[in-house]
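Read through the structure below, which is laid out as structure tokens, and then see the notes.
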Amino acid sequence: MPSFTLTDVGRDLWVENFAIDAASVESPSAHAWSVTKRALRGGRRDGVDLIQVNNGVFTFSIVPTRGMGLWKGHLGGDRVGWDSPVGDGPVNPAFVNLMNWGGLGWLEGFDELVARCGLENNGAPYEEKVTNPDGSERHTTYGLHGKIANIPASFVAVHVGTEPPYEIVVEGHVEESKLFAPQIRMTTRVSTTPGSNRLTVRDEFLNLKDAPGEMQLLYHWNFGPPYLEEGARFVAPVKVMAPRDAWAATAIDHYETYRAPEPGFAEQCYFFELQASQADGRTLTMLRNKAGDKGVVLRFSPAQLPAFTLWKCTGGLKEGYVTGLEPATNYPNPKPFEKARHRVVALPAGGRYVAEMTLEVLSTGQAVAAVEAEIQAIQAQATPTIHRKSTEPFGPQD
Amino acid sequence: MPSFTLTDVGRDLWVENFAIDAASVESPSAHAWSVTKRALRGGRRDGVDLIQVNNGVFTFSIVPTRGMGLWKGHLGGDRVGWDSPVGDGPVNPAFVNLMNWGGLGWLEGFDELVARCGLENNGAPYEEKVTNPDGSERHTTYGLHGKIANIPASFVAVHVGTEPPYEIVVEGHVEESKLFAPQIRMTTRVSTTPGSNRLTVRDEFLNLKDAPGEMQLLYHWNFGPPYLEEGARFVAPVKVMAPRDAWAATAIDHYETYRAPEPGFAEQCYFFELQASQADGRTLTMLRNKAGDKGVVLRFSPAQLPAFTLWKCTGGLKEGYVTGLEPATNYPNPKPFEKARHRVVALPAGGRYVAEMTLEVLSTGQAVAAVEAEIQAIQAQATPTIHRKSTEPFGPQD
Amino acid sequence: MPSFTLTDVGRDLWVENFAIDAASVESPSAHAWSVTKRALRGGRRDGVDLIQVNNGVFTFSIVPTRGMGLWKGHLGGDRVGWDSPVGDGPVNPAFVNLMNWGGLGWLEGFDELVARCGLENNGAPYEEKVTNPDGSERHTTYGLHGKIANIPASFVAVHVGTEPPYEIVVEGHVEESKLFAPQIRMTTRVSTTPGSNRLTVRDEFLNLKDAPGEMQLLYHWNFGPPYLEEGARFVAPVKVMAPRDAWAATAIDHYETYRAPEPGFAEQCYFFELQASQADGRTLTMLRNKAGDKGVVLRFSPAQLPAFTLWKCTGGLKEGYVTGLEPATNYPNPKPFEKARHRVVALPAGGRYVAEMTLEVLSTGQAVAAVEAEIQAIQAQATPTIHRKSTEPFGPQD
């Protein structure tokens, strides 16, 4: 498998521009795939590295400068992602101040197809009071969704398979580490095969410490039109569901369907335990359009990502009409709440945690129907419990 | 009108260096004007874009990386601007932390001839207590003078007129926008004509949201020597004036004149409603030197910028001996104070707000006298009200 | 003395890459010295300038982008510095948020051989309550160890002596200055002579204000293996010593020796007044390995740097197994504590403060023994006072 290292700070290796395609590596693949890398200039994206993968059918971009997040995808004429109010992203983390707006500064850079949330904390911001040795006090804010999406990758490489299915892999390392704090290295491998409608994100988190550590992890997958629209539906094999709050509870009877864009609409969140297939222990969720001929599917294992959040943010089209499908190790409550409910991952010294997801983009009614049937089969294993109010241990009891 | 686009992140367009002059575009203008653009390197200015406009007589620089602020001007041998303690600006926003010093971090980058203050808030920093859904609390700091001066422009272009008066225009777009927050695009046009002693800043603010929004806007024009000196004078057609606080009130009888540099001198602020000319609804203010042979004039419309603040900051020469002439939509009190007094601009969905100002640089006694006469004529329309103490609704009642 | 200016923002001077060596300047020195400069790319080091000095025997690097800190040294096969958990430094200050973690954000970039701490404040973070003119309150956090290590240098030059001892000097200017705040220019000269095992840091701090100012200054010299190991020893001529807190007090009887790496070990700090040699008023401290055949020595004057802190941070090898030898103007308590005990340096208008230190790297038993004898001779001048508990005025009374 030929490999091309684009960034390796340990060896002071840096490639300014890079492009390969099926022809240049004499790939026997039938698909005209390509991988390019360049640095963006101007505006808030100045200095951001962008890797674009085109597998011949499905294209997507990866942002090493933003913690190896996935920025946008396209399949056929359809955009896979959303229109963030941020506008001129991807935003260089140098221009993001996580401490702005009482710890909501993360939103300054939030425009990705998928942003990882963590690792020290994720979810809503919270504040802790710290007492100094001399008795004085200070306040520490832990910001929304943590740090990892704003840490530039220290290592980036592209690997290309020489045998069928000629897999294309973009590897990246991101370290969230400093003295007196978590020290975790994420090694991500984002892969696809030429001609497919899929990509797989496989992340390994290594505790670099000599001592035990912990982490939180949430994958903030975000989709707008054409998958999201009035009458679009969320489909998932539910074990238990609870609305996040009273506002979400008001819409409990139609949480699976989406409304048209409504300027000023406040977000609604639903927390899930999903059922896994008895066959392979895996599960899947889908967002499909109204007609049922377009869909995006996430496949993953609840053993790795046991907490799932559905984020419905159907404000105006220009305000970020978007829905989040969020497989995670925890719900996006403030970390102390999650910690008390044992939803923080413990990592032994030198320990590892792996999470893997596949995104599948569907463009026919047949494909959507097949996935619905697949989900229904898992759902049929057991009757779901639907809480009508916010409920422990998912969130504060209403 | 030939146009040269220098930055357009939407099209991934970026021009590293740029230079045109009257000769290169075969301009029939009699003046040897030029426009250049380059990226600065080193120190805190590393990576900052700088556009320099020379209209043949008057030169000034624009900083796309700092929200299209104007950095410095020169006319004849005179510097139009001030000596900021910052020293090695213009400072890349990547090195400015707006949350430093309890929300005074904005000062880390403050060295411009004019910095725009806003748009979500401007004025003094303030703190709000936020209660999380789980009942926990956190504190949100809104920093001094907001965000816009530290947002890099997403679009920059230079336009050159081919017919008299051969106008030179630098256009820039700056977006202050993110999810769950204001989404405003500023389109600025900074223009001058070859051979003139003027520049005009015309800003249009567009609410990108599908829902109503709001904004605050203050133009922090800053002048030091040779316009500011002992015995220099501020001249304006006053309708109402109130000192900001008890300290400013102590100098109420000579608020119009300036003192020599005094190390450690604390700033004094005065809030004004200005009179507009009955003829055209416009007004003007001037800072003139003691001899009355040099002056800087701001012309604008109180209908657009109804609140005017005079900032007298006459500390030591090396500490920022400077005065601010600040046309605005509000006074620089904390936003909640201004909001309660209806001095926050409401923007309907898709709505626009326009503000325009002309800076005129005077270099003869005749020109200064003419402007004084012009101001006097407007002043003569009505007797000014001078409050001797800080007074509602300008500020907290003393 | 030929000089090469690499950065001078005042003149818009910037040199992207630079390399000289003994041969290229036809130096008569017998040693194959060299000085290079380049910009690092990728990861969190993207855009960081690095100067590498090799005097033929001893190499070390200087980071203009990080306030002229010294990053790493090497002598023979030995690394002089430590393995910071940061991993992929030196970190661009654009990626460091000093306000993260309640003011501990400084740790995001902390991986240097020596980081200067100051100048407005250093030591532990603290919070102040500020009351706005309208009676509202806000909280200001002063972060750990201040700002200077995260300010890019505005001026960098290399000077090379043409006469014995053919001194090599790297000069840098760093300004910590803004409106309504301290305005201090540091001019540092880091020098070495070809073939020597030493480098000297000479810093001059100039108060740029027209009014009096003040500063705090601490040199955070950090060493790991091979100098630090189980059984390694700290050697210094002690006048008075006090542990920082009850935890440090528990180890008071063996504060001079180091333990093996212990995952999760919490740092212990000891505060010293050191004795100065009656001969020249200078003092020295040493960290030596167990065998006594390797050592690092700091030589300085207590008249310039009267407060010395020993930081023992002997956690796991991967967690930053490190010790800090920290000559300073104060102890690293929160600034208000130090200020009340008159350990903040007053700087008159235009006043200067100079601090100078020499780092010596020893690689033989003979050299280590000679330094131990030198320290013993100073120690013999007076009996040390060893406090067994944290004690005023060094820290809060236990």
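Below, chain A is the first sequence line, B the second, and so on; all start at residue 1.
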Which bit of [X] is near chain B, if near means a heavy-atom gap under 4.5 Å: side chain, backbone, both or neither?
X: C:Phe155; answer: neither
X: C:Val130; answer: neither
X: C:Asn92; answer: side chain
X: C:Glu137; answer: backbone
X: C:Glu175; answer: both
X: C:Leu6; answer: neither
X: C:Leu179; answer: both
X: C:Thr7; answer: side chain

If I measure from the heavy atoms of chain C, does [X] come under 4.5 Å with its side chain, its backbone, both, or neither?
X: B:Trp247; answer: neither
X: B:Pro85; answer: both
X: B:Pro93; answer: neither
X: B:Phe95; answer: both

message = Please determine whether a side-chain nitrogen of the Lys or Arg among B:Arg41 and C:Glu16 lies less than 4.0 Å from a carboxylate oxygen of the Asp or Glu.
response = yes
query = Taking side chain as C-beta onward, heavy atoms only, is B:Leu107 less than 4.5 Å from C:Lys178?
reply = yes
task = Tell me, yes or no, whether the heavy-atom count around B:Arg259 atom CZ, taken from other residues, nucleotides or ligands under 6.0 Å, exceeds 12.
result = no
ask   = Should we say atom NZ of C:Lys72 is surrounded by more than 12 heavy atoms from elsewhere, each under 6.0 Å from it?
value = yes
Would you give the length of the straight line joining atom [atom1] of [X] to atom [atom2] of [Y], rounded to the nearest 0.5 angstrom?
X: C:Arg138; Y: B:Leu104; atom1: CZ; atom2: CG; result: 5.0 Å
X: C:Asp210; Y: B:Glu319; atom1: CG; atom2: CD; result: 4.5 Å
X: C:Ser177; Y: B:Arg44; atom1: OG; atom2: CZ; result: 5.0 Å
X: C:Asn97; Y: B:Asn100; atom1: CG; atom2: CG; result: 7.5 Å

inquiry  = Between B:Glu267 (side chain only) and C:Phe180 (backbone N and O only), is there a donor and an acceptor less than 3.5 Å apart?
reply    = no
task = List the atom of C:Ala211, the atom of B:Gly264, and the distance in Å for their closest heavy-atom pair.
result = CB-N, 4.2 Å
inquiry  = Just so I understand: if I count every heavy-atom pair under 4.5 Å between each of B:Arg38, B:His139, B:Glu128 and chain C, which residue has the most?
reply    = B:Arg38
ask   = If you count heavy-atom pairs under 4.5 Å with chain C, which of B:Glu262, B:Arg244, B:Glu108, B:Arg45 comes out on top?
value = B:Arg45
